[in-house]
Protein chains: 2
Amino acid sequence: MDPKRFLPLTPAVFQILLTLADGERHGYGIVREVEQRSEGRAHLGLGTLYSTIKRLLAEGLVEQSQWRLDPALDDERRRYYRLSELGRRAAVAEAERLVELVADARAKKLLAAPEVQG
Amino acid sequence: MDPKRFLPLTPAVFQILLTLADGERHGYGIVREVEQRSEGRAHLGLGTLYSTIKRLLAEGLVEQSQWRLDPALDDERRRYYRLSELGRRAAVAEAERLVELVADARAKKLLAAPEVQG
DNA sequence: CCCTAATGTATCCGCAGTGATTATATCCAC
DNA sequence: GTGGATATAATCACTGCGGATACATTAGGG
């Protein structure tokens, strides 16, 4: 299964996969992490979140998980999700695509060249 | 006028602005350059191209130009476009946003850290 | 306790962007 | 002069986005 067939990922999809890349999260928690990580520059609407997750589950990029926080701290309503292997490879492929885009932007002098690039 | 109000740019819009960043182009020529620069990985449909350019003109990110190639080599039908100052700043802002996304992807270990980064 | 706000999941629906298709015309090579 | 590539443009169905809404639960303050 070639992850490139999902490219380009939409901003919403990439933000969700990115958020799940280092651990499981529940829906609402994803929205808050995106908000925090981007310092408010990226926003994920609730309508987008749940419809997108539904699609990602159907496509097999994301899986539902039984993972639970310490019950004392957790909330029964939460549904946790994790990246599938395919989802991870799709996220990597998208990240590589973005690296190319940035390189193109540098080639077009929209960005300064990095000070040092090994 | 804050270019950030246009973010995030859609893939089609960014590809068009990127193409115009180092010189004037006509519509069909933009499609071909995108195809070539990405080595076929990015594709810009004709329907997308012309409707998007129309919108970009209305938003003032792109301007029509009187520029002409040597008449012997040029084609009367062509309409040339160039980046406006606002368009350039929007493209830069988008490129910077992509740099942040790539950094996020590195932080989440989706990509290896760059070998050297000054 | 109760009230409110925040948390949490979920659906609905209008809107915007995409891109295939179609139409039309011109350019160029043979 | 015929055919295929070039070129612009409008139409149209499809998808993704995100605000609005609904509803239930949880947390905290008075």
Side-chain angles (χ1 to χ4, degrees), chain A residues 5-17 19-20 24-36 38 40-59 61-62 64-65 67-81 90 94, chain B residues 5-17 19-20 24-36 38 40-59 61-62 64-65 67-81 90 94:
Chain A
R5 81 184 197 76
F6 297 105
L7 303 194
L9 302 185
T10 66
V13 168
F14 189 58
Q15 285 293 351
I16 292 173
L17 297 190
T19 304
L20 295 178
E24 323 214 329
R25 301 276 194 293
H26 65 283
Y28 199 81
I30 294 173
V31 171
R32 284 182 306 168
E33 195 196 297
V34 167
E35 208 84 25
Q36 288 169 20
S38 68
R41 286 184 294 271
H43 171 72
L44 196 53
L46 290 178
T48 307
L49 174 79
Y50 291 107
S51 61
T52 302
I53 283 183
K54 200 172 178 181
R55 185 165 26 104
L56 293 177
L57 284 170
E59 291 173 335
L61 299 183
V62 157
Q64 212 157 350
S65 118
W67 188 84
R68 290 266 122 189
L69 206 57
D70 176 348
L73 301 171
D74 203 12
D75 184 324
E76 282 295 337
R77 295 170 296 173
R78 292 177 175 170
R79 299 203 178 177
Y80 286 86
Y81 304 97
E94 175 69 4
Chain B
R5 80 183 197 75
F6 296 106
L7 303 193
L9 302 185
T10 66
V13 169
F14 189 58
Q15 285 292 352
I16 291 172
L17 299 189
T19 304
L20 295 179
E24 323 214 329
R25 300 278 193 291
H26 66 282
Y28 199 82
I30 294 173
V31 171
R32 282 182 308 167
E33 196 196 297
V34 167
E35 209 83 24
Q36 287 170 20
S38 69
R41 287 183 294 273
H43 172 71
L44 196 53
L46 290 177
T48 305
L49 175 79
Y50 291 107
S51 60
T52 302
I53 283 183
K54 200 173 178 182
R55 197 170 74 245
L56 293 176
L57 284 170
E59 291 173 335
L61 298 183
V62 157
Q64 210 155 352
S65 117
W67 188 85
R68 289 267 123 189
L69 207 58
D70 176 349
L73 301 171
D74 202 12
D75 184 325
E76 281 297 335
R77 295 168 297 171
R78 293 177 174 170
R79 298 203 179 180
Y80 285 86
Y81 303 97
E94 176 70 4

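Naming convention: chains lettered A, B, ... in sequence-line order (proteins, then strands); numbering from 1 in each chain. Computation of the quantities below employed the complete heavy-atom set of this structure, encompassing side-chain atoms and omitting hydrogens, waters and symmetry-equivalent molecules.
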- Query: Is there a side-chain contact (heavy atoms from CB on, under 4.5 Å) between B/Thr19 and B/Leu44 once you walk through the steps?
  - Reply: CA-CA 12 Å; B/Thr19 304; B/Leu44 196 53; over 6 Å; no
- Roughly, in whole Å, what's the span from CD in A/Glu33 to P in C/dG8? 14 Å
- Item | Rounded distance in Å - CG (A/Leu56) to P (C/dT9) | 15 Å
- Item | Distance in Å, B/Ile16 CD1 paired with B/Arg25 CZ, rounded so as to fall on 0.5 Å steps | 12.5 Å
- Between C1' of D/dG16 and CG of A/Leu61, the distance in whole Å: 15 Å
- Message: Using the rule given for side-chain contact (heavy atoms from CB on, under 4.5 Å), can you reason through A/Gln64 versus A/Tyr80, listing the C-alpha separation, both sets of side-chain angles and the distance that settles it, and then say yes or no?
- Response: CA-CA 6 Å; A/Gln64 212 157 350; A/Tyr80 286 86; over 6 Å; no
- For atom OH of A/Tyr28 and atom C1' of C/dA5, their distance in whole Å: 10 Å
- Query: Can you list the steps and then say if B/Arg55 with B/Leu61 is a side-chain contact (heavy atoms from CB on, under 4.5 Å)?
  - Reply: CA-CA 9 Å; B/Arg55 197 170 74 245; B/Leu61 298 183; over 6 Å; no
- From CZ of A/Arg25 across to P of C/dG8 the rounded distance in Å is 13 Å
- Query: Within less than 4.0 Å of OP1 or OP2 of C/dA10, is there a side-chain N or O belonging to A/Arg79?
  - Reply: yes
- Length of the line joining A/Ile53:CD1 and C/dT11:P, which is rounded to integer Å: 12 Å
- Item | Under 4.0 angstrom between A/Tyr50 side-chain N/O and C/dT9 OP1 or OP2 | yes
- Only pairs at least two apart or in different chains count here, so list each side-chain hydrogen bond (donor to acceptor under 3.5 Å, both in side chains) that has a residue in residues 40-53 of chain B. A/Glu100-B/Arg41, B/Glu35-B/His43, B/Glu39-B/Arg41
- Report, as a single string ordered 5' to 3', how protein heavy atoms within less than 4.0 Å touch nucleotides 17-30 of chain C: B base, S sugar-phosphate only, - not at all. SBBB----BBS---
- Message: Is A/Arg78 close enough to D/dT25 that one of its side-chain N or O atoms is under 4.0 Å from OP1 or OP2 there?
- Response: no
- Task: Please step through side-chain contact (heavy atoms from CB on, under 4.5 Å) for the pair B/Asp75 and B/Arg78, ending with a clear verdict.
- Result: CA-CA 6 Å; B/Asp75 184 325; B/Arg78 293 177 174 170; 3.6 Å; yes
- Message: Under a 3.5 Å distance rule, please check whether A/Glu24 uses its side chain to pair with a backbone N or O of A/Tyr81 as donor and acceptor.
- Response: no
- Message: Nearest whole Å is fine: how far is D/dC17 P from A/Ile30 CD1?
- Response: 14 Å
- Query: Has B/Lys54 got a side-chain N or O lying under 4.0 Å from the OP1 or OP2 atom of D/dT8?
  - Reply: no
- Query: Over how many whole Å does the gap from B/Phe6 atom CZ to C/dA16 atom C1' extend?
  - Reply: 15 Å
